[in-house]
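Written out below as structure tokens is the structure these notes cover.
Residue numbering restarts at 1 for every chain, and letters A, B, ... go by the order of the sequence lines. The structure displayed is predicted, hence computed values, not measured ones.
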There are 2 protein chains.
Amino acid sequence: MARVTIQHVAQAAGVSPSTVSNFLNDRQGRMVAATRARIEAAIAELGYRPNRAARQLRNGKTQTVGLVVPSVGNPFWGAFAHEVEVAALALGCSVLLCNSERDPERERRYVEELWEDGVRSIILCTSLPSLDHVSHVIEEGLRLVTFDRPAQPNDPQSVVSISIDNNVGGQVATAHLLELGHTSIAFVSGSIRSVNRSARYRGYCDALEAAGLSVADMPQWTGMDASHFGDVEAAEVGRAAARDLFADPTNAPTAVVAINDMTALGFCRGLRDLGLKVGRDVSVIGFDDIILADLYDPPLTSVRQPITRMAQLAVSEAIERGSNESTDPGSSVLLRPELVVRESTEHVPSAARP
Amino acid sequence: MARVTIQHVAQAAGVSPSTVSNFLNDRQGRMVAATRARIEAAIAELGYRPNRAARQLRNGKTQTVGLVVPSVGNPFWGAFAHEVEVAALALGCSVLLCNSERDPERERRYVEELWEDGVRSIILCTSLPSLDHVSHVIEEGLRLVTFDRPAQPNDPQSVVSISIDNNVGGQVATAHLLELGHTSIAFVSGSIRSVNRSARYRGYCDALEAAGLSVADMPQWTGMDASHFGDVEAAEVGRAAARDLFADPTNAPTAVVAINDMTALGFCRGLRDLGLKVGRDVSVIGFDDIILADLYDPPLTSVRQPITRMAQLAVSEAIERGSNESTDPGSSVLLRPELVVRESTEHVPSAARP
DNA sequence: CTGAAAGCGCTAACAA
DNA sequence: TTGTTAGCGCTTTCAG
């Protein structure tokens with residue numbers, strides 16, 4: 001059977017194509033109930049489904065929302081992508097998924113391509129300090145929602161940001177360790193050259209200082225070089241950090257704040273390589289609270305991001321704004337992270353006490 | 001600046017639009033070198049990019065490949081989606097991602113919608129015994145590649161399947177446990193109502209029988225009911241299985257083959273709840289070899305699926321077939337799984353020996 | 001070897 | 001309140 005078009009529906013309903021089009025586009029006020037009913041019936045009977053390509057060609061836009069994540073290979077982003085897809089589906093949209101590998105150039109290319117393909121709403125999971133690489137598209141009218149990156153002073157007006165308050169997250173994580181009696185706490189991250197990471201780091205510093213401790217006195221791990229930017233390697237970073245930090249036992253921390261759960265898990269693995277026991281010997285706390293945090297042995301203490309809620313927010317900002325104007329453009333939504341205490345953090349080991 | 005169309009290019013190159021179109025569609029034999037060069041120059045100068053919507057409207061197809069996975073929330077599928085995206089990118093295609101939650105109805109709807117939207121190539125990660133729910137679209141010309149589901153006798157001719165040989169996988173896993181001296185080996189799965197799962201189960205049975213053991217003598221876990229079909233809950237399944245199997249210690253296994261790594265990890269977690277130690281007390285083996293298998297404590301023995309290779313195959317079958325006709329339609333590619341031995345499997349504990 | 005013209009399915013002026 | 005019409009940007013016969 002051939003494709004059924006708006007013409008067929010019009011014919012079957014005894015009206016003109018434009019009336020059907022009006023019907024389809026929620027301008028039903030413009031027609032009398034009987035007409036509406038006839039169109040409805042015709043659509044149902046013929047099993048008509050509007051052709052997206054034609055619609056897009058005509059309107060210059062899709063019903064698709066673009067989602068650019070660092071990498072779905074990382075369980076956190078996989079879970080987030082999943083939530084985004086669920087939320088978008090509820091609003092009748094599909095999701096075009098792209099992995100940026102945290103490469104600014106790939107981010108730019110993807111955003112541009114999506115734009116060229118008629119995608120007018122993009123959720124960009126980036127944490128680059130600047131949005132310059134995509135600002136020209138924003139100026140043309142792209143509705144951009146950044147995720148995991150609070151708004152920065154120089155961001156274009158129209159951008160909305162969804163993220164947790166990473167500074168608070170860093171503080172909460174560190175404070176938890178301090179309360180357990182730790183005074184030698186390292187911060188482990190592949191690179192803190194991104195706004196959310198540096199916010200977490202600042203939270204860590206703030207908490208330390210509030211406790212009268214100096215960051216300079218903490219065991220330092222200078223991380224891997226910037227070329228290891230991908231999220232797939234997050235676990236590798238943690239593992240390397242464990243190896244390096246404990247190479248000199250006199251300078252080894254009793255606790256660690258990891259930039260995310262994958263890094264934390266990698267760190268735990270590294271500890272294991274060294275014959276150290278997570279919790280008993282070294283406390284480890286991560287960020288994100290991915291499913292695996294609870295599955296791990298020992299279950300990992302983590303700072304939870306409420307991804308379901310965040311995905312809903314991101315999608316509704318991306319899709320519905322313009323019609324709803326629910327949030328002020330240029331604003332940041334900063335959700336409160338939640339500390340989930342499990343067994344990877346324990347009181348400072350007695351041997352290390354004064 | 002306004003959109004640059006094929007017209008502009010034509011004008012700039014001093015030719016007609018149709019010539020440019022010919023150029024674009026690799027019919028360059030139809031024009032003299034000088035013309036070609038002028039068009040190339042014009043495209044470069046104007047920064048022309050063809051409009052996909054128009055192209056699609058005209059051709060009735062996209063450059064997009066649809067990917068339907070059970071759920072990117074499961075790290076295995078996240079990793080696979082990532083590999084697919086990489087492979088597609090290399091071929092100039094984008095990926096439209098859909099989560100079926102293993103619901104046949106959602107699978108059907110997604111496949112239909114993708115088709116309606118002009119997507120002509122779909123990688124469907126399903127393990128439903130029948131493809132009936134999408135066969136009408138296949139008849140209309142959909143290029144379908146199934147993943148994780150070997151071809152079945154009644155499948156439409158044109159379908160190509162990519163998967164590992166799950167039967168062999170099940171055998172290898174079980175044989176490994178047998179070699180370690182285990183004789184009480186349970187099989188843990190949420191449901192084996194899918195072709196790949198039942199193949200793994202059969203492999204398990206085969207190996208047992210080859211060793212002169214009877215499946216009926218093994219501790220049985222009858223799984224959760226079919227409503228728990230999602231991949232997100234895989235870990236829950238494992239955890240529940242551990243609780244149930246060890247409720248009656250006289251009937252507890254010394255080793256377990258889990259249907260996948262997430263279930264295996266959940267099982268390990270369940271063991272921990274019971275104060276049992278993975279490896280020492282109970283050996284656990286999973287399937288997939290997700291990144292986390294190596295990160296876990298103890299690192300998980302697993303049957304690896306070569307996802308990078310599989311993703312490449314799936315994408316090239318989905319996109320390039322028709323031009324290439326590389327593989328016979330209707331065929332199955334069955335890759336060999338690889339046993340990765342780590343520390344979650346050990347010799348049968350002495351207490352359990354005769 | 002290249003150009004002119006028709007039309008894919010839909011929408012938004014504008015007319016009636 | 002509904003119909004007519006003119007394209008959106010591209011490809012593809014069919015003439016030149």
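Nearest-nucleotide mapping onto DNA chain C: of B:L57 and B:V15, the residue sitting toward the 5' end is B:V15. Nucleotides of DNA chain C nearest to A:I6 and B:S16 differ in position, and the one nearer the 5' end is that of B:S16.
When distances run from any side-chain atom of A:T19 to the nucleotides C:dT2, D:dT2, D:dC10, the shortest one goes to D:dT2. Across D:dC10, D:dG3, C:dC10, the shortest atom-to-atom separation from the side chain of A:Y48 is found for C:dC10. Of the candidates D:dT4, D:dG9, D:dT11, D:dT11 carries the atom nearest the B:S21 side chain, counting heavy atoms from C-beta on.
Taking CZ of B:F23 as the reference point, atom CD of B:E40 lies at 4.0 Å (rounded to 0.5 Å). Taking CZ from B:R149 and OG from B:S127, the interatomic distance works out to 8.5 Å, rounded to the nearest 0.5 Å. Atoms OG1 and CD1, from B:T64 and B:I319 in turn, are 9.5 Å apart once rounded to the nearest 0.5 Å.
In the helix from C:dC1-D:dG16 to C:dA16-D:dT1, the terminal helix axes, each the rotation mapping four pairs' C1' atoms onto the next four within five end pairs, subtend 40°, rounded to 10°.
Under the salt bridge (Lys or Arg N to Asp or Glu O under 4.0 Å) criterion, A:R108 pairs with A:E105, A:E112, sequence neighbours left out. The side chain to side chain contact (heavy atoms under 4.5 Å, CB included) search around A:R58 returns none, not counting sequence neighbours.
The nearest whole Å value for the distance from the NE2 atom in A:H8 to the P atom in C:dC10 is 9 Å. Across the protein-nucleic acid pair, B:I39 atom CD1 and C:dC1 atom P stand 13 Å apart, rounded to whole Å. The separation between A:F23 atom CZ and D:dT1 atom P is 16 Å, rounded to whole Å. Atom CD of B:Q7 is separated from atom P of D:dT11 by 11 Å (rounded to the nearest Å). The CG-P distance, from A:L24 to C:dC10, rounds to 8 Å in whole Å. Separating the CD atom of A:Q56 from the P atom of D:dG9 is a distance of 12 Å, rounded to the nearest angstrom.
Using cut-offs of 30° and 60° on the angle between ring planes, the pair B:W77 and B:F147 is perpendicular.
Residue contacts for A:S18: at a heavy-atom cut-off of 4.0 Å it reaches a base atom on one of the strands shown. When heavy atoms are screened at a 4.0 angstrom cut-off, A:R55 is found touching the sugar-phosphate backbone but no base atom.
B:V95 and B:E85 make their closest contact through CG2-CA, 3.9 Å (heavy atoms, listed as atom of the first residue, atom of the second, distance).
Applying the 4.0 Å criterion to OP1 and OP2 of D:dT2, one finds that A:T35 has a side-chain N or O inside that range.
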